[in-house]
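Have a look at the structure below before the remarks.
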Amino acid sequence: MTKTVWVLNGPNLNLLGTRQPEVYGHTTLADIKALCLATAERHGLAVEFRQTNSEGGLVDDIHAARAASAGAIIINAAAYTHTSVAVLDALLASELPVIEVHLSNIHRREAFRHTSYVSQAAHGVICGFGAAGYAMALDAVPSLIDTPGA
Ligand code: DQA
């Protein structure tokens, strides 16, 4: 059966392409969705791609991934990465493989971005590679599904 990877995006990522291009590049969220679909197809995976600007919306999306028995969650929680215990708790409750992605290298930026609640639930973290990080995360999914907990 085809596994579905839920790719979840947090606040302000709908503005990609025009938002601080010197930090986030010119790639739009629609471009990233297309990249995810093409990468997933190569691995025989399906993708559910979502974006929300609200913390509760992100929690609801994680609950939906859990209810759908997703193959894995790839999440760029954006600013909620650094603040949200609710997002962390939802990820822990999902008991799904989680990969955290950021376009920018959060460790080269302001100190408040160096802390990630999401990382507490993540199998791995990819940051600093721009949109390509989403494809890298999808490339990592088959091994996570085949050897959970590895
Ligand atoms: C981000 C990094 C976060 O610190 C920031 O709040 C974002 C985007 C990234 O993809 O680099 O909105 O998650």
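Read the numbers this way: they start at 1 and go in the same order the structure lists the ligands and their atoms. Source: prediction; values computed, not measured. In what follows, every heavy atom counts, from backbone to side chain, and hydrogens, waters and symmetry copies are set aside.
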Are more than 12 heavy atoms, taken from residues, nucleotides or ligands other than [X], located less than 6.0 Å from that residue's [atom1] atom?
{"X": "Gln20", "atom1": "CD", "answer": "yes"}
{"X": "Tyr80", "atom1": "OH", "answer": "yes"}
{"X": "Arg66", "atom1": "CZ", "answer": "no"}
{"X": "Glu95", "atom1": "CD", "answer": "no"}

Tell me the contacting part of [X] for ligand 1: side chain, backbone, both, or neither, using a 4.0 Å heavy-atom threshold, strictly below.
{"X": "Arg113", "result": "side chain"}
{"X": "Glu110", "result": "neither"}
{"X": "Leu103", "result": "both"}

If hydrophobic clusters are built by linking Ile, Leu, Val, Met, Phe, Trp and Tyr wherever their side-chain heavy atoms come under 4.5 Å apart, do Tyr117 and Val101 end up in the same one?
no
**Prompt:** Should Thr81 be listed as contacting ligand 1, given a heavy-atom distance under 4.0 Å as the test?
**Reply:** no
Worksheet item: Does ligand 1 have any atom that is closer than 4.0 Å to a heavy atom of Glu100?
Response: no
Checklist entry - Between Asn9 and Phe49, is any pair of side-chain heavy atoms under 4.5 Å apart? => result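 Of all side-chain heavy-atom pairs linking Phe49 with Asn9, at least one is under 4.5 Å.
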- Task: May I ask you to test the Arg113-Thr81 pair for a side-chain heavy-atom distance under 4.5 Å?
- Result: no
Mark up the atoms of ligand 1 that fall under 4.0 Å of a heavy atom belonging to [X], in ascending order.
{"X": "His82", "value": "3 (C), 4 (O)"}
{"X": "Arg19", "value": "7 (C), 12 (O)"}
{"X": "Ala79", "value": "6 (O), 12 (O)"}

Evaluate Ser116 against Glu100 for side chain to side chain donor-acceptor pair (under 3.5 Å), listing each step before the verdict.
CA-CA 10 Å; Ser116 167; Glu100 176 182 357; 2.7 Å; yes
### Nearest-neighbour protein heavy atom for atom 1 (C) of ligand 1, which is reported as residue plus atom name and distance
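Here the nearest protein heavy atom works out to His102 ND1, 3.7 Å.
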Among non-hydrogen protein atoms, atom 7 (C) of ligand 1 lies closest to Tyr24 OH, 3.5 Å
If I apply the N/O under 3.5 Å rule, does Ser104 come out as touching ligand 1?
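There is such a contact, yes.
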